[in-house]
Amino acid sequence: MPELPEVETIRRTLEQHVQGVWIKDVQIYYSSVVKGWEGQEFADVVKGRQITSIERRGKYLLINLDQSWSILAHMRMTGRLIYYPAQYQVAKHTHVVFKLDSGELHFADTRKFGRLQLVPTEHKLEHPSLLKLGPEPLEAEFTPEVLGQSLSRKKVNIKAFLLDQTMVAGLGNIYVDEALFRAGILPERGTQTLTEVEVGKLYSSMRQVLWAGIEAQGTSFRDYRDANGEKGSFQVALQVYGRGQEPCQICGKILERKKLAGRTTVFCTNCQK
DNA sequence: CCTTATGCCTGAATGC
DNA sequence: TGCATTCAGGCATAAG
């Protein structure tokens, strides 16, 4: 499921191929993926425009077209944006095909949760979905003080806090569990029970695990692929996610699996306090 | 304002 | 073997 490192990898791999190219035509095979617009209206607006740049905010991608419109894209769990240098078959779960002046861009999504929507470029960051987002964890705006302030105002467990995109943008179930393990903090801990030292550890762990995820070009646990259709490699570095009932790689104790904040959560009751 | 629950979806894994 | 059930989970929206 594309989280910050995966979406950033898609952004980078996609930009290499499509920056500066023109969209000649758009074909829509499942119109619900387009949010707020009729499929044909979406296609008519996008057709004939040039892709100028691609940005990321949290788990969202912004594909900027000219200076007027941007496509705001979210992959949710199984969404893919894949570039093909030549014409390519419309596969089973392909919902939108952008015909470019060099190659094609396919939006595919098995689960059909992912969405594309058009936003005016001039007001792109004022879109309600983006306005709600908390700070970018890898940017300078995010400091241990900012994290500590947000934690002190909330009354939920740390797992729910880190999944909340309005607190910090970009972490999902995988990187939350990995960051908490690396910080040595139990996911059930209340936000207001963390000491200053623990907040510092959590801050560093979050940034470290997100950077490592980007360097590994993402986690391909199941469906994730970058814009070249390639897998990432961070799944081999996972210490807890997907390892419930396995021995902890640090201390050997069997990892616990529990539903928290509605998500499967894996942790070590020995290494995490 | 806050927190928790539900719907959206398909395919893999599991249960009987 | 085959069919039914459970699980995976980000976000918008509804409900409490």
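In what follows, chains carry the letters A, B, and so on, assigned in the order in which the sequence lines appear, proteins first and then strands, with residues in each chain numbered from 1.
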Roughly how many Å is it from [atom1] in [X] to [atom2] in [N], rounded to a whole number?
| X | N | atom1 | atom2 | answer |
| --- | --- | --- | --- | --- |
| A/L163 | C/dA12 | CG | P | 14 Å |
| A/K132 | C/dG10 | NZ | P | 16 Å |
| A/K112 | B/dG11 | NZ | C1' | 13 Å |
| A/L260 | C/dG10 | CG | P | 14 Å |
| A/F107 | B/dC9 | CZ | P | 13 Å |
| A/K59 | C/dA12 | NZ | P | 11 Å |
| A/L61 | C/dG10 | CG | P | 16 Å |
| A/R115 | C/dG10 | CZ | P | 16 Å |

Would you say [N] has OP1 or OP2 under 4.0 Å from some side-chain N or O of [X]?
| X | N | value |
| --- | --- | --- |
| A/H93 | B/dC9 | no |
| A/K92 | B/dG11 | yes |
| A/Y60 | C/dC11 | no |
| A/Q165 | C/dG10 | no |

Pairwise side-chain contact, A/E136 with A/L4, heavy-atom cut-off 4.5 Å (strictly under):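 When only atoms from C-beta onward are counted, A/L4 and A/E136 do touch, with a gap below 4.5 Å.
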Which residues share a ring-ring contact (aromatic ring centres under 6.0 Å, His included) with A/H17, sequence neighbours left out: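 Partners of A/H17 by the ring-ring contact (aromatic ring centres under 6.0 Å, His included) criterion, ordered by chain and then number, come out as A/Y83.
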Partners meeting ring-ring contact (aromatic ring centres under 6.0 Å, His included) with A/F221 (sequence neighbours left out):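 Only A/Y241 meet the ring-ring contact (aromatic ring centres under 6.0 Å, His included) criterion with A/F221.
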Using a 4.5 Å cut-off between side-chain heavy atoms of Ile, Leu, Val, Met, Phe, Trp and Tyr, which other residues end up in the same hydrophobic cluster as [X]?
| X | value |
| --- | --- |
| A/L125 | A/Y60, A/L62, A/L72, A/V119, A/L130, A/L133 |
| A/F267 | A/L186 |
| A/Y84 | A/I82, A/Y88 |

Qualifying ring-ring contact (aromatic ring centres under 6.0 Å, His included) pairs with a residue from residues 161-182 of chain A, counting only residues at least two apart or across chains: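 Sorted result for residues 161-182 of chain A: A/Y175-A/F234.
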Estimated bend of the helix from B/dC2-C/dG16 to B/dC16-C/dG2 (axis per five terminal pairs, rounded to 10 degrees):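 The end axes of the helix from B/dC2-C/dG16 to B/dC16-C/dG2 are about 60° apart, to the nearest 10°.
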Set of side chain to side chain contact (heavy atoms under 4.5 Å, CB included) partners for A/N157, sequence neighbours left out: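 Side chain to side chain contact (heavy atoms under 4.5 Å, CB included) list for A/N157, sorted by chain: A/K159, A/A160, A/L260.
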Among A/V176, A/L151, A/D177, the one residue meeting side-chain contact (heavy atoms from CB on, under 4.5 Å) with A/L162: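 Among A/V176, A/L151, A/D177, the one meeting side-chain contact (heavy atoms from CB on, under 4.5 Å) with A/L162 is A/V176.
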Sugar-phosphate, base or nothing in reach of A/T78, heavy atoms under 4.0 Å: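 The answer is nothing, as A/T78 stays clear of every strand by at least 4.0 Å.
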Touch class at under 4.0 angstrom, heavy-atom based, for A/F221 against every strand present: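 No contact.
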Base-contact (B) and sugar-phosphate-only (S) positions in nucleotides 4-9 of chain C, heavy-atom cut-off under 4.0 Å, - elsewhere: ----BB
A/A261 versus A/L163, closest heavy-atom pair with distance: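 Closest pair (atom of A/A261, atom of A/L163, distance): CB-CD1, 4.3 Å.
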Sequence-distant partners of A/E3, side chain to side chain donor-acceptor pair (under 3.5 Å), two or more places apart: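 Here no residue qualifies.
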What nitrogen or oxygen pairs link the protein and nucleotides 2-7 of chain B at under 3.5 Å?
| residue | atom | partner | partner atom | Å |
| --- | --- | --- | --- | --- |
| B/dT3 | OP2 | A/K154 | NZ | 2.7 |

Inter- and intrachain pairs under side-chain hydrogen bond (donor to acceptor under 3.5 Å, both in side chains), touching residues 36-46 of chain A, at least two apart: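 Pairs touching residues 36-46 of chain A that pass the test: A/Q40-A/D44.
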